[in-house]
2 protein chains.
Amino acid sequence: MTATFGPGEKLKPAELQGEYGCSANTIRDVLLRLAKVGLVEFEMQRGFRAKHSTPEHRHDVAQFRIMLEQEGARLSILQGGLDWEARLSASHHKLRHIETQIIRDQQHDTYVTLWSDAEYEFHDTLISACKSSVLRETFESIYVQFRQQMVNLERDFGTDYFKAIIVEHQSILDAALARNIAGCQAAIYDHLKRNLSSNHVGPTLQRTAEITA
Amino acid sequence: MTATFGPGEKLKPAELQGEYGCSANTIRDVLLRLAKVGLVEFEMQRGFRAKHSTPEHRHDVAQFRIMLEQEGARLSILQGGLDWEARLSASHHKLRHIETQIIRDQQHDTYVTLWSDAEYEFHDTLISACKSSVLRETFESIYVQFRQQMVNLERDFGTDYFKAIIVEHQSILDAALARNIAGCQAAIYDHLKRNLSSNHVGPTLQRTAEITA
DNA sequence: CTTCCAAGAAATTTCAAAATTTTTGCGATT
DNA sequence: AATCGCAAAAATTTTGAAATTTCTTGGAAG
């Protein structure tokens, strides 16, 4: 996720052993566990590779994430209680504070881990009342893959980017707290659509204009 | 998946070593790979367990499968060509033949692997034109988990059961070939709804009556 | 009666080397 | 010029045992 290895790069336990100060078998063990999360590719009898990265795959991951998050949000809005609202507000407050600081300090690189963790916490809290551990765990996996795919993509995470996503996160929060399912799903789509390629069939739920109004 | 181990049962490499005629480390390696598919639970420093099984979890797995299959079918119907139609017909023909034989011969247990493979092939072919490897791989994982959850549930896989699912598979096929997205999604819901618990929030797409008509 | 702690037992993880499998390089054949 | 086969090299997998961590048990303290 830190682009230490290029997309599709071979990961050989015998070589990495030195870098990480442990035996080749331990590396293998760890790589198998990373494969479970989808960060590493594994093929029997032919070892490990860092996940490949193509425009098609990035679109694929983004679209899948949209579907999971929209469904998780729907179920949470239907089933979440006051406790969920409180936790969602809290995680949003934290995220917003960090994003504001990033814009002020211009220290984008320093905060990257802090921001990434807070962003995950917000999106995870959003779907946390869905009462589906399968959906929740799959989302964690795809979120990590999503972030991994974006690392390789040298986009300008400039001030404008953060100004935009502050608004987007706010829209998601507002719709969720207002128990507006369609509006929340539209806000999720708007938040993530920059990662979709055009000339592809889009996700089911993407209506935006009239719903949020 | 053959209920060799009970739900939640501890899986200790040192013990299984004897059963499978290999070293404990090889067992560990294999269990890590089964954990990737979701058939085995793994927790750092505390080993492996066969997946737990509760009514809530079975509902969860079934609902998630419905969502994936409905979305996969939608994308396939939109994007699949003649080749997809041909492969879908072929896999359905094979599945139907096996199901008919099962009803005739009453040999339910003999055909179980054959049937299970053919059933997976049909459902996988249905979503095979979705152009999303992430969706396809997640579906494979959840299908296997679904089957695993059902093994522990001693239900009557009697003649009536197979008579019913022959009709259900036919409905899915017909709607797919007719490029009827909503109808196909409804047929998928009807096929799998027996695995959902009541008193739970249901999946998004479950309308059935008027759509298929 | 519960809680805490330590020692022993059991389980998990790591290691280094051997065995197996795949990949590579090169010459012969079509 | 391309394909095939074979030996060497490289990589992956398996092994058995050592090191580490967790779990259990029984007794002392609160």
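The structure presented is a predicted model; accordingly, all values stated were derived computationally and were not measured. First the proteins, then the strands, lettered A, B, ... as listed; each starts at 1.
A rotation axis mapping the C1' atoms of four pairs onto the next four is fitted at both ends of the helix from C:dC1-D:dG30 to C:dT30-D:dA1 over five pairs, and the angle between these axes is 40° to 10 degrees.
Using a 4.0 Å cut-off between charged nitrogen and carboxylate oxygen, A:R74 and A:E71 count as a salt-bridge pair. A salt bridge does not link A:E15 to A:K10: none of the charged nitrogens lies less than 4.0 Å from a carboxylate oxygen.
Sorted by first and then second residue, the ring pair (Phe, Tyr, Trp, His ring centres under 6.0 Å) pairs involving residues 109-133 of chain A (not counting sequence neighbours) are A:H92-A:F122, A:W115-A:F162, A:Y120-A:Y143, A:F122-A:H169, A:H123-A:H169, A:H123-A:H191. Within the structure, ring pair (Phe, Tyr, Trp, His ring centres under 6.0 Å) pairs that include any residue of residues 54-85 of chain A comprise A:H59-A:H200 (at least two apart or interchain).
For the residue pair A:T138 / A:S141, no side-chain donor-acceptor distance below 3.5 Å is found, with atom types taken as modelled. Checking A:Q145 against A:R65 by side-chain atom types alone, no donor-acceptor pair falls below 3.5 Å.
Listed by residue number, B:F42, B:M44, B:Q45, B:R46, B:G47 are the residues of residues 39-50 of chain B with a heavy-atom contact under 4.0 Å to DNA chain C. Contacts of residues 15-35 of chain B with DNA chain C (heavy atom under 4.0 Å): B:N25, B:R28.
Residues that satisfy the side chain to side chain donor-acceptor pair (under 3.5 Å) test with A:S128, not counting sequence neighbours, are A:R87. By the side chain to side chain donor-acceptor pair (under 3.5 Å) test, A:D117 pairs with no residue at all, sequence neighbours left out. Residues meeting the ring-ring contact (aromatic ring centres under 6.0 Å, His included) test with A:Y161, sequence neighbours left out: A:F157. Remark: A:D29 pairs with A:R33, B:R28 by the side chain to side chain donor-acceptor pair (under 3.5 Å) rule, at least two apart or across chains. Taking the side chain to side chain donor-acceptor pair (under 3.5 Å) definition, one finds that A:E140 meets it with nothing, sequence neighbours left out.
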Exercise answer: donor-acceptor pairs, residues 35-44 of chain A side-chain atoms, under 3.5 Å, sequence neighbours excluded:
from  : atom 1 : to    : atom 2 : distance (Å)
A:E41 : OE1    : A:H52 : ND1    : 3.0
A:E41 : OE2    : A:H52 : N      : 2.9
A:E41 : OE2    : A:H52 : ND1    : 3.1

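Contacts between chain A and DNA chain C, taken as any atom within less than 4.0 angstrom of a protein heavy atom, begin and end at C:dT14 to C:dT23.
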